[in-house]
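Worksheet: one structure, shown below.
Here the structure is a predicted model, which is why all the values come from computation and not from measurement. The sequence lines fix the lettering, A, B, ..., with proteins before strands; numbering per chain opens at 1.
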Amino acid sequence: MIFFALAIFLPSLWLFPWWAQPLICFSLGLGLTKTWSLQWQTALVAGVSAAVLSFVRDGQSYGLISKRMAPLIGLPHPALLFVLIGALTFVFSLLWLRAGALLRHRLAP
Amino acid sequence: MGAFNWVWIFITLALTFFLGRGTASVPALGPLLEIHGGIWRHEKFIPHSMALPGLKNRVQVAVDANGIPHIFAENESDLYRVQGYVMASQRLFQMDLSTRVAPGRLSEWVGDRTRELDRFFVRFGMRDSIAETMKHYQSDPKTVEMIDAFVDGVNAYIDRLKDLPPEYKIIGQRPEPFDRERVIDMDKALTFDLSSRAMDLVLTRLAGKMGVDQVLDLFPERYPVELQDYVAPGFGSGKERPAERAELFEGFKTQLKELPFFPLQPHGKGSNNWAVAPRKSTTGFSMMANDTHLNFSLPNIWHEVQLVTPEFNVYGVSLIAIPGIINGFNHKVAWGPTNGTTDALDFYEIEFENETSWRYRVKDGWREAEVHDEKIRLKNGGADVVQVVKTHLGYLMHREGRLGLVANWMGHRADNELKALRGLYDARDERECLRSFKTWAAPIQNFICIDQKHIAIQHTGAIPERRVGEGRFVMDGRGVELTPMDERVPEKLQPRMEDPPSGFVLSANQRVVDTRYPYFLGWDYEEPFRALGIRRDLSAKNKFSPEDMMAIQNDDFDVEAAMVLPIFLKHLDTSNLSKEAQKIAALLKAWDFRARAETMEPAVYHEWFTQFRRKLFADSLKIDDVEALPQIQRVVWLLERLDKNPKDSDARWLERASPKRSSLNDVVSDAFAEALKRLTENYGRDSSRWLWRLKNGVEIPHVAKLKGFGTPILSIDGARTSVRGVSHRHGPVYKIVVAMGDKKPEAWIQVPGGNDGDPFSLDYGRFIDEWSKGEMRKVNFYESRDEAKAAAKQWIEFSPEDR
């Protein structure tokens with residue numbers, strides 16, 4: 001499941017706008033991630049993917065994005081921006097994975 | 001579904017909504033932080049070749065190793081079109097933001113925080129003024145062509161923009177197409193910044209409390225020779241002009257109970273320029289130095305560029321959102337301004353026919369004011385409506401029943417400044433350079449022009465012909481028939497100096513003419529210290545090299561401290577000082593008056609002077625704004641007088657400020673103790689840590705003041721009162737030295753912050769370190785495309801779209 005989630009999230013985060021994330025997570029919750037444990041793992045993969053990809057993007061700009069954005073949003077260190085993005089993506093993904101799973105449960109006979 | 005699940009779904013939807021929309025204070029984090037297109041992605045510059053709509057011929061741009069574009073075009077229209085495109089590609093957000101100030105359009109983006117500022121500018125008549133100036137510009141087809149081509153270039157960039165500059169993403173806005181007015185908007189914003197300092201309201205309030213004669217004493221028009229400097233000393237030499245006297249103002253006292261808030265531009269916004277004649281130059285040709293002191297910002301307000309057509313080849317800096325070059329040089333001449341500082345803003349009390357009427361009293365009856373409403377759009381979609389009231393004396397800023405206060409500003413009366421600047425590009429000598437300024441009205445500037453053999457300085461612009469004392473206080477508008485400031489000083493009496501016997505000309509926003517000049521120009525000029533410093537430096541040697549000129553630009557000798565500190569130390573009562581305080585006093589005694597960033601002496605001296613000035617005037621005159629206090633030179637004069645004669649009439653100011661401890665020794669000693677206390681509170685007990693760097697606090701903020709997008713406090717030598725005039729948020733944002741030559745000039749330049757305004761590019765903070773250290777870089781002034789191409793880091797070809 002981890003590799004599957006990586007194969008989904010790495011390209012989707014890179015290629016699609018932010019609102020594609022809830023659609024993907026909702027679909028995954030609806031069809032694939034049946035247990036809490038799987039939902040957590042999938043959300044974690046999404047969070048880590050987002051943190052890694054933002055780190056890569058930042059590297060392409062010589063680390064200047066995190067350096068400037070961190071103070072702007074009140075973070076004491078640039079590296080915390082990746083942590084924030086990872087955490088935000090994790091929570092957001094988990095919420096929508098769970099929402100998908102809830103709907104499946106509701107629809108189940 | 002259980003309650004937990006409903007809560008879960010609610011939280012999911014709420015977070016999604018929050019990420020997508022944000023709140024009033026938090027931007028929409030979803031689109032902002034997304035990997036795909038958020039702040040992580042920002043498109044760079046322009047491809048190597050591209051078609052540009054409207055071009056007539058091919059245009060080439062060589063970007064050199066310093067990131068400076070050199071634009072080669074076959075005609076002017078193509079040149080400005082590509083300049084617009086290139087500038088927008090590097091500075092779009094800054095152009096968009098800065099051109100919203102004058103027309104009162106900041107609230108569309110910012111919301112409530114800028115609402116009052118927008119209302120102020122609209123009420124002040126800025127929108128009318130922009131439209132009026134546009135009419136002037138439109139009467140000259142070449143100016144229209146210049147503006148239109150530039151604006152088309154900017155819009156071509158906006159049309160092709162795939163990814164917004166990061167600031168737009170952060171504030172959640174999008175650029176809108178530019179129009180001709182945007183060029184004027186920027187012009188007006190800078191003109192207001194440079195020519196709207198007026199103490200009239202402050203002095204009127206003070207005169208109401210203490211009398212006109214006392215105000216004239218504290219804010220004098222004239223100073224002793226050693227405390228004064230002039231741009232054009234001796235010009236128009238005739239009879240001694242009558243001085244201001246209290247009796248001149250006895251006829252009228254305003255009946256207005258409240259005087260409105262009017263932003264008081266701080267002192268220190270100014271510039272330096274000087275030139276040396278060939279006989280004072282080691283090169284055998286004229287040389288010029290210029291540094292413009294404006295508000296610090298990242299990106300810099302200037303955009304460095306070389307513009308080349310078959311008709312001209314000119315290098316320098318353009319102002320963002322304005323086509324062409326403002327300051328710079330061509331093969332034959334170089335030019336550079338400082339702010340003229342001559343009074344350009346007056347206030348009149350007017351009387352309406354009744355409490356609701358817009359008819360106001362004039363000499364022979366009543367006249368109808370022009371009244372119309374203007375809308376200010378707000379961020380939340382709403383709108384403010386501002387009533388704009390125009391009289392022949394200016395715009396209404398305040399009304400109390402039948403009485404009103406109008407502001408009459410010279411900046412509303414523009415001519416065609418772009419045409420004046422365009423004339424400089426192909427000027428062949430210093431005279432042609434000066435003649436180009438015939439259509440320059442505002443802001444009034446001290447322009448230096450040099451060619452290979454000649455140097456000149458001219459107080460340039462529409463200089464109002466004033467009565468002595470006119471513009472000191474709020475004036476009576478009831479009997480004023482003609483529009484004030486429409487009468488100008490005749491051209492032949494426009495202050496200037498050409499090839500003076502001294503071999504140099506200089507200006508640093510100081511007084512322009514001495515008392516033998518026939519007209520009164522105003523009294524509130526910049527402090528004379530920078531000018532005195534430059535004069536001292538230029539008088540110290542017989543010949544100057546370009547390196548000497550750069551060294552003068554970096555001169556951190558604090559002229560004010562050198563005048564004041566010996567008197568302070570002489571009157572400091574050391575008998576009650578602690579050991580630490582005595583040590584500090586001893587260090588000050590040994591100080592060489594150099595305002596070095598990593599030393600403590602300048603910090604102690606300036607805090608001491610601040611406390612002395614505050615003790616003397618702030619409390620007793622009830623003035624909170626330090627910019628409205630009597631000038632530093634007045635305090636220096638007071639010190640010199642009381643030092644020589646303790647019973648001088650100035651002793652009354654000490655008594656008024658501190659009745660119980662009113663000797664000079666008392667006030668000086670108390671100010672010293674207070675200064676040490678303040679420094680301890682701010683920087684700790686260890687006096688070796690009271691660094692000038694920290695006290696002066698030079699930092700360069702982002703143009704929209706985004707936290708993290710500016711610099712930390714920089715270590716830079718100099719003070720507001722040294723030639724290297726740096727202070728917290730003002731200083732030399734552009735420095736150049738031009739040495740004219742036999743075939744072509746050589747130039748050295750420094751512009752802190754690179755040309756590329758993308759905060760996530762390496763170029764954004766470029767040259768700040770070099771600038772802080774006082775280093776200059778050699779300008780690449782190319783003669784031809786081939787020369788530029790051979791040295792280019794990037795070569796871009798623009799071609800007409802239909803080919």
### Message
Among A:Thr89, A:Val91, A:Leu94, A:Ile73, which residue has the highest count of heavy-atom pairs closer than 4.5 Å to chain B?
### Response
A:Leu94
### Toward chain A: residues of residues 12-21 of chain B with heavy atoms under 4.5 Å
B:Thr12, B:Leu13, B:Leu15, B:Thr16, B:Leu19, B:Gly20
### Task
Give, as side chain, backbone, both or neither, the part of A:Phe16 having an atom under 4.5 angstrom from any heavy atom of chain B.
backbone
### Query
Tell me, do B:Phe760 and A:Lys67 make a side-chain contact under 4.5 Å, heavy atoms counted?
no
List the atom pairs, with distances to 0.1 Å, where a side-chain N or O of residues 28-37 of chain B and a protein N or O form a donor-acceptor pair under 3.5 Å, not counting sequence neighbours.
from    : atom 1 : to      : atom 2 : distance (Å)
B:Glu34 : OE1    : A:Trp18 : N      : 2.6
B:Glu34 : OE2    : B:Gly37 : N      : 3.2
B:His36 : ND1    : A:Trp14 : O      : 3.4
B:His36 : ND1    : A:Leu15 : O      : 2.9

Gap separating the [atom1] atom of [X] from the [atom2] atom of [Y], nearest 0.5 angstrom:
| X | Y | atom1 | atom2 | answer |
| --- | --- | --- | --- | --- |
| B:Asn5 | A:His105 | CG | NE2 | 7.5 Å |
| B:Phe10 | A:Leu95 | CZ | CG | 12.0 Å |
| B:Trp8 | A:Leu102 | CH2 | CG | 8.0 Å |

### Message
Atom CH2 of residue position A:Trp36 - does it have more than 12 heavy atoms of other residues, nucleotides or ligands inside 6.0 Å?
### Response
yes
### Task
May I ask you to list the residues in residues 40-56 of chain A that approach chain B closer than 4.5 angstrom, counting heavy atoms only, ordered by number?
A:Ala50, A:Leu53, A:Ser54
### Query
Which residues pass the side-chain contact (heavy atoms from CB on, under 4.5 Å) test with B:Thr114, sequence neighbours left out?
B:Leu106, B:Ser107, B:Val110, B:Asp118
### Query
Would you say A:Arg68's side chain and B:Pro759's backbone share a donor-acceptor pair under 3.5 angstrom?
yes
